[in-house]
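What follows is a short report on a single structure.
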Amino acid sequence: MSTSGPHVDAPIAPHRYGARLAAEIEQRWQDRWEAEGTFHADNPVGELSSGADLPAEKYFLMDMFPYPSGAGLHVGHPLGYIATDVIGRYQRMLGKNVLHALGYDAFGLPAELHAISTGEHPRTNTLANIANMRRQLRRLGLAHDDRRSFATIDPDFVRWTQWIFLQIFESWYDEEQQRARPIAELVEKLGTDDPDVIDAHRLAYISEAPVNWCPGLGTVLANEEVTAEGRSERGNFPVFQRSLRQWNMRITAYADRLIDDLDGLDWPEPVKQMQRHWIGRSHGAEVDFEVPEVENASIRVFTTRPDTLFGATYMVLAPEHELVDAIVTDAWPEGTDERWTGGAPSPTEAVAAYRAAAAAKTDVERQENREKTGVFTGAFAANPVNGARVPVFVADYVLVGYGTGAIMAVPAHDERDFAFATAFGLPTPRVVAGPDGVDDELPFTGAGTAVASANDDVSLDGLDVDAAKERIIAWLEAEGRGTGTTTYRLRDWLFSRQRYWGEPFPIVYDEDGHPHAVPDHLLPVELPEVPDYSPRTFEPDDADSEPEPPLGRVQDWVHVTLDLGDGPRPYRRETNTMPNWAGSSWYELRYTDPTNRDALCDPENERYWMGAGTGAANSTGGGAGPGAANSTGGGAGPGAANSTGVDLYVGGVEHAVLHLLYARFWHKVLFDLGHVSGAEPFHRLVNQGYIQAHAFTDARGTYVPAEEVVESVDESGATVYTHDGVPVAREYGKMGKSLKNVVTPDDMYDEYGADTFRVYEMSMGPLDQSRPWETRAVVGSQRFLQRLWRLVVDEDTGETQVVDEPTDEATRRVLHRTIAGVRDDLESLGLNTAIAKLIEYVNHLTKVGARQREALEPLLLMVAPFAPHLAEELWSRTGHDGSLAFEPFPQPDPSLLVEDTVTCVVQVQGKVRSTMQVPASADDAELTERAMAEANVQRAIDGREVRKVIVRAPKLVSIVV
RNA sequence: GCCGGGUUGGCGGAAUCGGUAGACGCGACGGUCUCAAAAACCGUUGUCCGAGAGGGCGUGCGGGUUCAAGUCCCGCACCCGGCACCA
């Protein structure tokens with residue numbers, strides 16, 4: 001796209017607001033804010049406390065912090081940062097103590113890969129990237145408290161990440177009290193300190209977990225790094241499923257609280273929905289089906305629909321289910337349907353072949369296979385409610401990892417069971433009738449009434465789904481054939497990585513292999529220097545090899561002698577590192593007290609910033625004492641727990657589940673243990689959209705630089721795009737180097753200045769919506785600021801031309817309407833419409849040639865959150881000494897918002913036929929009379945009889961004929 | 001397939017409760033200024049018919065409720081995001 005913005009100030013007006021003047025103003029004010037510490041937020045106590053009285057209310061807002069990438073920023077990145085800056089500046093002008101800072105999420109794979117390929121320490125490269133991003137962001141003029149900026153790799157930060165890990169390690173979950181408690185209390189309760197028993201209860205525990213092991217790369221891979229063919233995305237090496245000793249976090253213990261506490265959060269409903277679905281709580285029953293022919297064999301299934309038990313006509317085990325070998329028979333029973341045999345001469349062979357085929361498939365392949373496949377095991381089980389003999393199959397549509405890995409199949413009322421039953425010729429008896437007795441088509445999965453569901457003891461007939469569930473569960477429990485249960489889709493959090501660039505675990509192992517915490521005074525455990533950042537690689541097909549993390553090779557780091565209470569002994573350090581998520585799981589807390597050396601944050605600072613609602617500064621210290629058992633977890637109502645946390649958290653929806661779930665989990669553990677005052681970290685969440693961009697490809701499919709593409713209209717009126725005269729195709733998506741469509745903030749600073757860039761990004765559309773970048777439209781925002789400048793400053797002389805005279809009544813009314821509208825929009829985050837109202841006001845002032853202080857000063861204050869440098873400059877030019885950052889935001893005068901006359905619309909048959917100016921106080925009769933007198937209205941009525949007149953005084957008269 | 005979000009002028013978008021659809025900006029067109037151009041400023045700009053007054057049509061498509069629907073209800077199409085046989 002060709003850009004034709006104003007590159008330099010036109011010579012005709014030496015003091016016109018343009019890129020050059022903007023750059024000078026912006027630099028000057030940024031330096032001044034920094035020198036004066038304008039945006040330093042005062043803490044109640046500690047190093048960042050001035051001792052002065054704090055404002056009555058606080059406002060803590062945060063952005064999801066960035067990963068310091070080497071590519072630097074493009075214009076899409078600052079979108080959220082500008083928005084939070086506007087909101088923060090506005091809240092400050094409302095008199096609140098605003099905490100806003102930005103840290104860096106600086107551990108991670110890209111830096112490690114860079115280190116592997118260059119040999120440069122990842123810290124060196126990461127710090128350089130952070131410095132570059134700081135430079136780019138500084139020029140935006142963000143009102144951050146830079147004393148509170150940190151990176152997750154700072155030793156001072158790592159120390160507390162490790163400390164929190166140890167808190168989790170030294171805790172267990174008390175199911176009765178529904179909260180985490182210190183491990184010492186478990187020792188007391190169980191009356192044993194047997195490490196094997198104790199370790200098995202810890203919230204951070206070691207277990208064997210299956211991983212994607214890639215010997216060729218020497219690393220474990222995430223699912224998304226494995227191709228459908230079961231090879232590594234990088235390098236195309238084979239990947240093997242392998243069990244590995246791993247650290248895990250017992251997040252499943254918090255499943256209920258993580259779901260229940262969502263109710264009190266001010267989050268977008270879709271995000272809550274996604275978290276609920278991810279945790280996947282389902283209520284149902286576990287039911288035992290006996291296999292009469294095999295001694296002591298009974299198949300336990302999980303079902304969410306125990307009410308349909310009478311309709312179970314067969315069962316399915318996952319191919320990996322442990323009972324398969326025990327029940328599979330040697331010969332096909334008499335009369336076995338040949339569709340059930342898989343063409344094999346015996347069940348043993350059929351099952352073996354089916355299992356081999358399933359094992360050879362990757363998860364992805366198994367899931368892509370829509371066709372229902374399976375084989376009969378030759379065995380039958382007895383339906384506990386009616387004794388019916390039901391055949392048992394093995395099929396891969398049942399997953400070993402969910403529920404019990406076995407199901408009872410009710411084909412009449414489950415889509416998948418129905419598909420399977422159809423393919424295998426199994427009966428599909430109906431046991432639920434549709435509402436109103438309608439006999440819907442099968443499978444019928446909706447709510448209805450139980451039918452044909454009775455035995456000698458119990459009848460479900462006539463009951464709705466919930467009542468039927470309740471009754472059958474009671475019966476199963478009484479008979480000892482099943483129990484009501486709840487299962488979750490959520491799994492524990494795999495917490496170790498075989499990498500270098502992450503937080504080391506503060507864990508050592510004794511000679512028996514038991515883990516011990518490194519004492520607090522030895523934290524942080526810092527990463528040792530290593531000769532080589534690459535993990536050890538193996539022959540690509542050496543499935544038996546084992547990951548060897550880089551830390552494992554530093555022998556004099558791994559082996560230490562420590563005194564953990566029973567004299568100096570040799571220990572071996574944990575050589576895995578923590579995942580990237582660790583730092584982001586608690587960083588909000590560190591903003592509140594970033595320099596604290598004695599605690600992750602002082603409780604008083606934490607209570608002040610994270611406290612309930614705004615202005616919790618002087619809430620009583622012990623009030624919500626988390627140590628008190630009855631105020632924790634399940635005890636406290638969700639409302640009470642959730643009114644705490646960061647006042648506003650802005651970030652992309654891609655973090656809807658993982659980051660936000662992990663952070664909530666850590667926060668709840670810290671809450672249970674008494675380290676924080678509330679159960680939720682983020683009270684209000686807003687998802688920002690993305691800035692997208694057009695990219696252009698030539699006939700060969702190669703990307704051409706977007707800024708060189710010319711747009712024109714051909715003879716037929718269609719828009720065509722050409723590059724060097726050659727037509728190119730347009731596509732729409734991300735901004736990226738490879739797409740040759742990157743526009744950087746630096747480009748915008750140079751061409752227009754930061755204020756123009758800020759205003760443009762905020763005016764493009766609502767915050768939560770994605771939108772395309774259009775460089776040529778930026779000039780509109782520049783013109784707006786130019787007009788604003790011209791109202792205050794004479795472009796030719798540079799002199800301030802504000803006069804101390806009252807404005808005319810009309811302008812005063814427009815001003816106060818603007819103030820009211822802008823306030824409303826800022827409260828509801830309608831930043832784009834707030835700017836539109838400011839533009840309208842400026843256009844009005846331009847038209848009437850207003851120069852009055854009364855009209856201009858409130859305008860400067862309202863513009864300040866959006867274009868702070870320009871506003872500060874004009875504020876000082878109109879005769880003010882200090883920064884306007886703490887000036888009260890203008891208040892509307894209610895008496896000026898009342899209109900004397902309003903426009904009244906007259907509709908005939910629903911169509912607008914006339915508008916009239918009427919007094920705001922006009923009554924129905926008066927309006928009707930005036931409407932009837934309108935010539936247009938009479939013409940539309942056309943002599944017909946008026947049947948009805950609806951009046952909504954004073955805005956509308958609707959006439960029906 | 002399921003879940004969530006969306007579809008409004010040439011373009012980005014606005015329309016708080018069902019009550020004048022298209023605020024504001026870009027672009028385009030016309031004008032002022034200028035030797036000229038740029039910048040700036042002023043005006044026009046959903047579409048069709050009409051000289052005008054005015055009128056027809058119009059918020060993805062098809063129905064419905066209502067005096068009145070971008071907004072509410074039913075059905076459908078397409079686009080974006082997420083999840084994927086979860087019993």
Side-chain angles (χ1 to χ4, degrees), chain A residues 4 6 9-13 16 18 268-271 273-274 277-278 280 282 284 301-305 308 316 363-364 366-370 372 395-399 401-410 414-417 419-420 487-489 653-654 656-657 690 692 711 713 717-719 732-733 759-760 763-766 768-774 776-781 783-784 786-787 790 795 824-825 828 830 832-833 835-840 843 846-847 903-912 914-915 935-936 939-940 947-950 952 955-961:
Chain A
S4 56
D9 299 329
I12 199 162
R16 173 166 297 171
E269 198 50 42
V271 175
Q273 233 12 302
M274 282 190 255
H277 182 249
W278 187 265
S282 53
V301 302
F302 172 74
T303 173
T304 55
R305 294 291 303 276
T308 62
V316 182
D363 276 0
V364 177
R366 263 169 83 158
Q367 288 157 9
E368 273 172 355
N369 182 11
R370 272 271 121 57
K372 291 285 175 284
D396 65 5
Y397 80 93
V398 172
L399 309 178
Y402 183 77
T404 62
I407 63 160
M408 64 171 201
V410 185
D414 181 279
E415 301 275 358
R416 288 151 302 153
D417 296 348
F420 188 90
T487 48
Y488 302 87
R489 187 180 166 277
V653 73
E654 72 270 21
V657 176
Y690 297 93
Q692 303 199 284
E711 178 184 332
V713 176
T719 307
Y732 179 61
V759 169
Y760 175 62
S763 67
M764 289 166 79
D768 57 359
Q769 195 170 305
S770 292
R771 73 235 38 198
W773 178 261
E774 193 79 76
R776 70 176 177 186
V778 180
V779 68
S781 301
R783 286 180 192 145
F784 160 54
Q786 233 163 42
R787 279 198 294 275
R790 197 152 42 225
E795 286 189 336
D824 281 354
D825 286 348
S828 61
N832 53 332
T833 49
I835 290 174
K837 292 182 172 91
L838 290 169
I839 293 174
E840 280 182 89
N843 290 349
T846 299
K847 182 169 253 167
T903 305
C904 179
V905 173
V906 186
Q907 297 179 346
V908 180
Q909 301 295 76
K911 288 186 190 297
V912 178
S914 178
T915 59
N936 256 348
R939 186 164 46 229
R947 291 191 297 155
K948 197 171 169 189
V949 179
I950 294 150
R952 295 276 178 275
K955 303 278 284 185
L956 178 98
V957 178
S958 184
I959 297 164
V960 188
V961 295

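Below, chain A is the first sequence line, B the second, and so on; all start at residue 1.
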Next item on the list: Using a 3.5 Å limit on both pairing distances, list the dot-bracket string of RNA chain B from the 5' end; Watson-Crick and G-U wobble pairs count, crossing pairs take [ ], interstrand pairs take |.
Entry: (((((((..(((......[....)))((((((.......))))))((((....))))..(((((..]....))))))))))))....
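Here A:R771 pairs with nothing under the salt bridge (charged side-chain N to carboxylate O under 4.0 Å, His left out) rule; sequence neighbours left out. Taking A:F302 as the reference, nothing meets the ring pair (Phe, Tyr, Trp, His ring centres under 6.0 Å) condition, with sequence neighbours excluded. Every residue two or more places apart in sequence or in another chain that forms a salt bridge (charged side-chain N to carboxylate O under 4.0 Å, His left out) with A:R416 is listed here: A:D414. Under the rule for a salt bridge (charged side-chain N to carboxylate O under 4.0 Å, His left out), A:D417 has no partner lying at least two apart in sequence or in another chain.
Side-chain nitrogen and oxygen atoms of A:R790 include at least one within less than 4.0 Å of the OP1 or OP2 phosphate oxygen of B:C41. Residue A:R783 places at least one side-chain N or O under 4.0 Å from the OP1 or OP2 atom of B:A40. Residue A:R771 has no polar side-chain atom (N or O) positioned under 4.0 Å from OP1 or OP2 of B:G6. Between A:R416 and B:C86 there is a side-chain polar atom (N or O) within less than 4.0 angstrom of OP1 or OP2. For A:Q786, a side-chain nitrogen or oxygen approaches OP1 or OP2 of B:A40 to under 4.0 Å.
With both ends at atom P, the span from B:A84 to B:A77 equals 25 Å, rounded to whole Å.
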Check nucleotides 67-70 of chain B for protein N or O atoms closer than 3.5 Å to its own N or O atoms and list the pairs.
residue: B:C67; atom: O2; partner: A:S958; partner atom: OG; Å: 2.7

